[in-house]
There are 2 protein chains.
Amino acid sequence: MSLRQIANSLALSITTVSRALGGHSDVSDATRLRITREAERIGYVPNEMARRLQKGRADAIGFVIPGGPEAFDDSFFLKIIQGAWSRLEDLDMDLLVMSAPQGQKEVKLYRRLVEGRRVDGLILTRVREQDDERVNYLLDTRFPFVTLSAGKFDNPRIVSLDVDNHAAFRLALRRLVDLGHSTVACGGPRDIRYSALRLDAFHAVCAELGIEGVEINRDASLEGGERIVADIADHCPDVTALVCNADRVGAGAMREMMRRGLVPGRDLSLICFGDSQLTRLMRPRITVLKLPTEDMAARAIDLLVRLARCRTNGPNWCCAIPMAPPPDDDAILSGRRSLRLNFSPIAV
Amino acid sequence: MSLRQIANSLALSITTVSRALGGHSDVSDATRLRITREAERIGYVPNEMARRLQKGRADAIGFVIPGGPEAFDDSFFLKIIQGAWSRLEDLDMDLLVMSAPQGQKEVKLYRRLVEGRRVDGLILTRVREQDDERVNYLLDTRFPFVTLSAGKFDNPRIVSLDVDNHAAFRLALRRLVDLGHSTVACGGPRDIRYSALRLDAFHAVCAELGIEGVEINRDASLEGGERIVADIADHCPDVTALVCNADRVGAGAMREMMRRGLVPGRDLSLICFGDSQLTRLMRPRITVLKLPTEDMAARAIDLLVRLARCRTNGPNWCCAIPMAPPPDDDAILSGRRSLRLNFSPIAV
DNA sequence: TTGAAAGCGTTACCAC
DNA sequence: GTGGTAACGCTTTCAA
């Protein structure tokens, strides 16, 4: 089951067989036919490791699921896997999945991937607001990576995919304003970029619409969501609506409301970012700012492949990926209990 | 950054460098020290592809997440990834994750993995009761694989990891009997092995305890769970308790009970297999037969590595893995609203 | 249009 | 102890 085998049984050279199977034009049709037939017959499939060694690439993309049991039990990452794989399959590449808690050990894992040339590129999530060690390391080594939901960076070398948070908040907050709300809270941490960016967008849009915006910083976890609702109930009597930066947070908020006998939509309106089982299961249904996670991951793969190609040609990547058109409001599936928003990913 | 580089700058042969770094004993301490120092200095990390090509193995395990959007949004698979990775990391191996809908395309994916020698072994979930194409293919090619939650097979060449379903139902049903239930239903499909096995165990334990057991076959999905509750409410007035074979099913059951105004624990007692966010979020809390998914996946890796080793030595694997001791009842964390059962994985 | 040969970076088998 | 050589299976350059 190797090129040699085919070459031998056909009394041809390995070179010719390789080129025939590789689709090169400098092989006569007759020879090519004989070769493909024989390859078919013995069920030839190229040895990937040999090919990769020769080509000097891994034909694989890596994705590290950020650690901790809480972070893990989240179908967001499953969606990224799904989306990334849908493209990788077509490209005949592999997806390496790992997990690591944030910190020392995490960077070690990235080193392993980069230095062992196990992958050609990486997908990053949960980028930290300050000094993300992974980003620093990858930037230093000039290794291709794409961040998801981390917004636009000052450093033009960082390629990032994100939704338009301002547009999202415009949709969400306008809706709340229409319902008569004038003081709205937004909950999520400040140390993770995606959440910080959403908080910023929240304030900006509040200002635009002339409503009062209250920021509540808690972990992006179930417990964080619970505490946000507790904070509101105990300390912010004016707040009548809450936007959560992640669906786990929304689920926690929901749980605390239940416990306190608060009725979602009556005592406190709830909207959350996310796109998981969690939000679909909530009763009563809440409005969800649906994130195009799979699409973003798929797009990330395309970008990574491009970046990896550039890399072989020289040290300077181009990351001039244009902004996407403004979010598509038509995708709103309205309904009192279930408003779902779709907006296209933008490349930064 | 290669052996050659180190060899050159130290005026040694590549062979010696390789052996020194590989920890072979036939290298003088002085030489080894010089070599390790130099390797450290230039930050040498072996090229994995070269190593794999030479060794003739992939140093990777594959896991295909079974397809369909419903199946995908399930943290069960995330737990498998987590568990598998925890072992693979120590073994310095990779985890390849893919996804495919059940059917033609799925087997194609497995072929790709096997024939391209991309992995040394595979983890299988959701094995079908009849003629699982993947199992047939892998058996034909004698490729190492381990099934999760598929019970014991007649074919001794299939290595499988599962919990003790009988013990699980004994715990669950005894509890229900103690609460006064005498007619209990169990819901799940028959075409997937894990569910069929649980249904069988259900009937066996019902007979043991002398209670009435009603089997309801619906998809292992949210909607399936809803229909099971509908079936019970509409057609089985005697049934006062329900055991669901998967947490998604339990979540669906819960949802339908809510809709019908049925109170879990009063109108219908609910217990379900599973170990996901879903069950933790349900209110009121329900009793969960907690599956040791991560542990099983970790153990599967160890088995796969052993199988892969055997394979190189000859065509006959040994799969003489002893049964684990009986499930550990001490692990029951009792409580009216939250009974969680742990039981150790058994190897079949 | 075909083939010989070099090379990718390792490891392993033998000599010395 | 150490080093030359072959081999893993492929792609690519250069001659013929």
Subject >> Atom-pair distance (CG on A:L3; P on D:dT12), nearest Å >> reply: 12 Å

Subject >> Distance, rounded to the nearest Å, where B:I14 contributes CD1 and D:dG1 contributes P >> reply: 22 Å

**OP:** Grab the CG-C1' distance between A:L53 and C:dC8 for me, whole Å please.
**Re:** 4 Å

Original post:
Taking OP1 and OP2 of D:dC8, is either one under 4.0 Å from a side-chain nitrogen or oxygen of B:R52?
Top reply: no

**OP:** Whole angstrom is fine here: how far is it from CE in A:M49 over to C1' in D:dA7?
**Re:** 18 Å

Original post:
Between atom CZ in A:R51 and atom C1' in C:dC8, what is the gap in whole Å?
Top reply: 15 Å

Subject >> side-chain N/O A:R19 vs C:dT2 OP1/OP2, d < 4.0 Å >> reply: no

Original post:
Taking only side-chain nitrogens and oxygens of A:T31, does any of them come within less than 4.0 Å of OP1 or OP2 of C:dT2?
Top reply: yes

**OP:** Please state whether the phosphate of D:dT11, meaning OP1 or OP2, lies under 4.0 angstrom from any side-chain nitrogen or oxygen of A:S18.
**Re:** yes

Original post:
With sugar-phosphate meaning primed atoms plus P, OP1 and OP2, does A:T15 contact a base, only sugar-phosphate, or nothing at under 4.0 Å between heavy atoms?
Top reply: base

Original post:
Separation of B:D26 atom CG from C:dC14 atom P, in whole Å?
Top reply: 15 Å

**OP:** Before accepting this row, confirm whether a basic side-chain N of the pair B:R112/A:D92 lies closer than 4.0 Å to the acidic partner's carboxylate O.
**Re:** yes

Original post:
Taking atom P of C:dG9 as reference, at what distance in whole Å does atom CD of A:E115 sit?
Top reply: 16 Å

**OP:** Please determine if A:E48 and B:R117 form a salt bridge, counting it only when a charged side-chain N lies under 4.0 Å from a carboxylate O.
**Re:** no

**OP:** Find the distance A:R4:CZ to D:dT11:P and express it as a whole number of Å.
**Re:** 14 Å

**OP:** May I ask you to say whether B:R299 pairs ionically with B:D302, meaning some side-chain N is under 4.0 Å from a carboxylate O?
**Re:** no

Subject >> hbond_proxy A:Q54 side chain to C:dG7 base (donor-acceptor, 3.5 Å cutoff) >> reply: yes

Original post:
What about A:S13, does its side chain sit under 3.5 Å from the base of C:dA4 through a donor-acceptor pair?
Top reply: no

Subject >> B:D120 and B:R52 ion-paired at < 4.0 Å >> reply: no

Subject >> Test item: A:R134 and A:L122 side chains (from C-beta on) under 4.5 Å apart, heavy atoms >> reply: no

Subject >> Comparing B:R117 and B:L12 on DNA chain D - which has the more 5′ nearest nucleotide >> reply: B:L12

Original post:
Base, sugar-phosphate, or nothing for A:S28, non-hydrogen atoms under 4.0 angstrom?
Top reply: sugar-phosphate

Subject >> 5' precedence on DNA chain D between B:S25 and B:A50 (nearest-nucleotide basis) >> reply: B:S25

